[in-house]
Protein chains: 2
Amino acid sequence: MRTVTITDVAKHAGVAVSTVSYVLSGKRAISATTSQRVMRSVRALGYHPNAGARALASKRSNVIALVLPLRAGMHLPVLMQFATSVVTTARQFDHDVLLMTADEGPDGLRRVAASALVDGMVLMDVEIHDPRVPLLRELGEPSVLIGFPADASGLTCVDLDFARAGAACADHLASLGHREIALLGAPNVVYKRGTGYAERTMEGFVEAGRTHGVTTIASPCEEGFDEVCATVRDLLERHPGLSGLVVHNEAATGHVLGALRVLGRRVPEDVSVMAICPDDVAERASPPLTSVLIPAADVGYQAVRLLMAKLEGVAVPDSTLLEPRLAIRQSTRGR
Amino acid sequence: MRTVTITDVAKHAGVAVSTVSYVLSGKRAISATTSQRVMRSVRALGYHPNAGARALASKRSNVIALVLPLRAGMHLPVLMQFATSVVTTARQFDHDVLLMTADEGPDGLRRVAASALVDGMVLMDVEIHDPRVPLLRELGEPSVLIGFPADASGLTCVDLDFARAGAACADHLASLGHREIALLGAPNVVYKRGTGYAERTMEGFVEAGRTHGVTTIASPCEEGFDEVCATVRDLLERHPGLSGLVVHNEAATGHVLGALRVLGRRVPEDVSVMAICPDDVAERASPPLTSVLIPAADVGYQAVRLLMAKLEGVAVPDSTLLEPRLAIRQSTRGR
DNA sequence: AGAGGCTGTCGAAGCGCTTCGACGGTGTAT
DNA sequence: ATACACCGTCGAAGCGCTTCGACAGCCTCT
C-alpha cells in the first residue's frame, strides 16, 4: 500500500497538482466546484500531506518546540499542565509539539533551530539568569518564554503575575484581621538559583503586608515532612501571634497541614492557611484550602497564541502577565 | 545570513555533495583525509542538515511520537519521569520526540503516521481495552506500548512486572511475621476503566499472600485526605489484627501516614507501611517508607531501545517485564 | 468593439537531501 | 603484462510539496 501523494489526488480529481495544493492551503481562490471535487478525492484516497516535503517546500515545519528544563524543586504536575495545554493549543493552530529537555543543553536549541525542525519555541521555567536567553537572541528564532529573565528586552514573556498572587494572599489574610502572617516558599535551592517567580511572590507578599501594616515573615521551605514540621514549629514558637500561613510549594502543602495537626493547631480555628497552587491540590487537602490559582492551562494557551502571532509576523506585547484568581475555601477565617 | 546547506559544505571542502552526505551518514567508505576535510568544513560553516529535506529524501524523519493519554487518577510525576527518559534515550539514538496527547483521539495517530511526521511511536499508559490498539494494528506503524492490553499479540509491550511488585510487598510483610495485610490501591475509577497494572498488582499481592498463608485485603483508595482517613479507619476497625499496609497510590501515600497519625497508630511500631512508588516519594515521607520502586526511567529507556530496534528491522520480544526492586527503609518492622 | 482587469487553473522550477549507478585508479592474481 | 576486483568519489535522479508566473476566459468600462 503505497502512500497517497498529492499527485494521486490531482489525478483522481482531474486537476493540476498545484490546484490541489491551493485548495488545501487556501492561498489562492479556487472555484467551489473544483474545490469540492478535490476535497472529495482527498477523503476518498485518505490523503495526508507528507510533512517533510511540505516543510522543505514551504520552509515551515508546523512544529514548535517545547523546552522544559526539569530542575530540582519544580513541581511536575504543574509542568504537565503547562505542557498539555501547549500541545492542545498548538493543535488548534495546526501545529505539533516537539518535546525537548535541557540535558542536551543549549546545543539542542541550536540544532533544532538550524535544522528547521521547528518554526519556533516555547521555553518553560525561565530563570532570572537563564543561559538559554542569550542564545535565543543569537538564534533569532521566534520564541515565547514562560517566566521572566532579568533582561527581557526584545523577548516575549508570559507568566502568572506572581507579585500580585503573593499580594492577594496578604490582602486576603489582612482583610480577615490577621496581624502576623508568614509565607512558606520553595526549597532554598530554588531561590539560590534565582528563580523569578519565587522571588516575586515573596516581594508581592511582603509589600502588601507592609501596606496593610501587617507583620510578614517569608521563609523557604524544604519538602520532606520532618523538615516542614520543624520549619512550622519553629515559626510558631518564634512568632506566637502568627495566625496566617501561605504555602507556595506544592510538595509541602500536604505536609504543612499534617504538621499543624501534629502540633495541635486547628485549621482554620487557630491558624488560617492558604496556598498558591492548582485547584485540584487545594481541593484535595483537608480542609480544602483557600488558594490563589496558578492558571497553568491559560499560561500555556497564551504562550502558544503569542508564538503563532509572531510566526504570522504580527507584533505582540513583550510582557503578558496573567491575573491571579483567589478561591476562598474552608481553610481561612477571620479572627 | 542564509542557512548553510550541504552544497555550501561540499564547495567549501572541494568535494561532491554526495561525498559530504556519505561522510555524515557513514553509509559508504570515505577516505580518512577526505572525511576530515569535510568534517572541518561542517564545523567551520556550522552546518546542520535540514530536517525536512532529509526526511523527504530518506523517508525517515528521525522523530518518534510519545503519546500520553492523561486520564484521571494518573500520577503526573511518574508520567513526567517516563517522558523525560524517553526524550533522553531518543536523543541518544539521534531521534527527537513529538509529544501527543489523547484529546486529538486516534485520528491524531493516523495523521501523524500518514504524514510521515514520525518514524514510530511510544504509547504510554495503555489500558486493557485500549482504543488505540486496533488502530495501531491497522496502521502498521512501528510502536512500543508501555503497559499491556488484553490482546498483546503482535505488539511490543514493556512494563514493570506489577504482579511481582505486589507479590514482593506481600512477601516482605509476611517474612516480617505479619499475618493480616492490606493493599490500598488506585481510585476506583482506575479499576473501572480496566487498567492492567492496578489489577495485576492486586492479583500478585493476593496470590503471594495466599502462598504464605497470610490474610490479604485489597481495597481501592480515593485521593483526598478525608477519604483516605475514612478508608484506613474502616480497615483498622474491621480487621483488628491488621498490621501491614501497602499503598499503591502516590497521591494517597502522604495522606495514609497522616491518617495513621491521627488515628493514633505508630509507624512502624503498630503498623508496617510500604509503598509502590518512586524512590523520592518514599524518601520524602516520614518515616521514610520501605518501597517497591517503579523504575520509570528504565521503562522509558527500554521502550525507546525496543522501538529503535524495530526501526532497524531487528526482531524484538513481544513482552518485556522489568523486575521490581525492594528498598527497605524505616516504615516496616517485624512483630 | 477594444482595452483592461479579474478569476481560476496550469506547468514548471525548485526546496536540500539521499542514494544509485558509473567510473577512474590502485592493488592482486594469473 | 592482462584481467579482475575493489575502493573512493562523482553526477544525476528523484523524494512530495509549494509557489511563481503565465494564460485562457470572462466581465466591465469606455
Side-chain angles (χ1 to χ4, degrees), chain A residues 1-39 41-42 45-63 94 111-119 311, chain B residues 1-39 41-42 45-63 94 111-117 119:
Chain A
M1 186 182 91
R2 222 183 82 278
T3 72
V4 182
T5 74
I6 198 172
T7 310
D8 301 328
V9 176
K11 279 195 189 122
H12 188 273
V15 298
V17 164
S18 49
T19 303
V20 176
S21 178
Y22 286 125
V23 168
L24 260 21
S25 71
K27 295 198 178 171
R28 281 202 186 174
I30 298 287
S31 72
T33 53
T34 307
S35 187
Q36 281 168 20
R37 197 143 37 88
V38 168
M39 289 313 290
S41 300
V42 164
L45 302 177
Y47 169 68
H48 286 269
N50 178 294
R54 198 207 269 277
L56 178 57
S58 68
K59 309 198 164 314
R60 293 281 247 101
S61 65
N62 277 32
V63 174
D94 194 32
R111 176 180 64 83
V112 154
S115 65
L117 228 190
V118 303
D119 298 334
L311 292 180
Chain B
M1 187 181 89
R2 220 182 84 279
T3 72
V4 182
T5 75
I6 198 172
T7 311
D8 300 329
V9 175
K11 281 198 186 116
H12 188 273
V15 298
V17 164
S18 48
T19 302
V20 176
S21 178
Y22 286 126
V23 168
L24 259 23
S25 71
K27 294 196 180 174
R28 280 201 188 175
I30 297 288
S31 70
T33 52
T34 307
S35 188
Q36 282 169 20
R37 197 142 39 89
V38 168
M39 289 312 292
S41 299
V42 164
L45 301 178
Y47 170 69
H48 286 269
N50 178 294
R54 197 206 268 277
L56 179 57
S58 68
K59 311 201 161 313
R60 292 280 248 104
S61 65
N62 277 31
V63 174
D94 195 31
R111 176 179 63 83
V112 153
S115 64
L117 228 191
D119 299 333

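Protein chains get the first letters and strands the later ones, always in sequence-line order, with residue 1 at the start of each. Computed over heavy atoms, backbone and side chain alike; hydrogens, waters and symmetry mates excluded.
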Nearest to the side chain of S58(A), which nucleotide is it out of dC15(D), dC17(D), dT19(D)? dT19(D)
From L24(A) atom CG to I30(A) atom CD1, the distance as rounded to the nearest 0.5 Å: 10.5 Å
Using whole Å, report how far CG of N50(B) lies from P of dC15(D). 18 Å
Kindly point out which of dC10(D), dT9(D), dC17(D) is positioned nearest to the side chain of I6(A)? dC17(D)
Any idea which heavy atoms bring V4(A) and Y47(A) closest together, and the distance? O-CD1, 3.5 Å
Gap between atoms CG and C1', on L117(B) and dC17(D) respectively (whole Å): 14 Å
Whole-Å distance between dT19(C) C1' and R60(B) CZ? 15 Å
May I have the distance from K59(A) (atom NZ) to dA13(C) (atom P), rounded to whole angstrom? 18 Å
Taking 4.0 Å as the cut-off, does a side-chain nitrogen or oxygen of T7(B) come that near to OP1 or OP2 on dC17(C)? no
By nearest-heavy-atom nucleotide on DNA chain D, the more 5' of S31(B) and A57(B) is S31(B)
Specify the separation, in whole Å, of atom CG of D8(B) and atom P of dC15(C). 12 Å
Comparing nearest nucleotides in DNA chain D, the 5'-proximal residue of the pair V4(A), G14(B) is G14(B)
Could you report the tightest heavy-atom contact between V20(B) and A10(B), atom names first, then the distance? CG2-CA, 3.7 Å
Mind calculating the distance between CZ (R54(A)) and C1' (dG14(C)) to the nearest angstrom? 18 Å
Could you work out which one of dG16(C), dT9(C), dG8(D) sits closest to the side chain of T34(A)? dT9(C)
Please check this pair: side chain of D94(B) against backbone of N62(B), looking for a donor-acceptor N/O pair closer than 3.5 Å. no
Answer yes or no: is there a side-chain heavy-atom contact under 4.5 Å between V15(B) and T34(B)? yes
Please give me the minimum heavy-atom distance between S61(A) and L117(A), naming the atom from each residue. OG-O, 2.9 Å
What is the distance, rounded to the nearest whole Å, between atom CG of L56(B) and atom C1' of dT19(C)? 13 Å
Is it true that a side-chain atom of S41(B) and a backbone atom of R37(B) form a donor plus acceptor pair closer than 3.5 Å? yes
Expressed in angstrom and rounded to an integer, what is the separation of I30(A) atom CD1 from dT18(D) atom P? 13 Å
Contact list for DNA chain C against residues 16-29 of chain B - heavy-atom distance below 4.0 Å: V17(B), S18(B), S21(B), Y22(B), K27(B), R28(B)
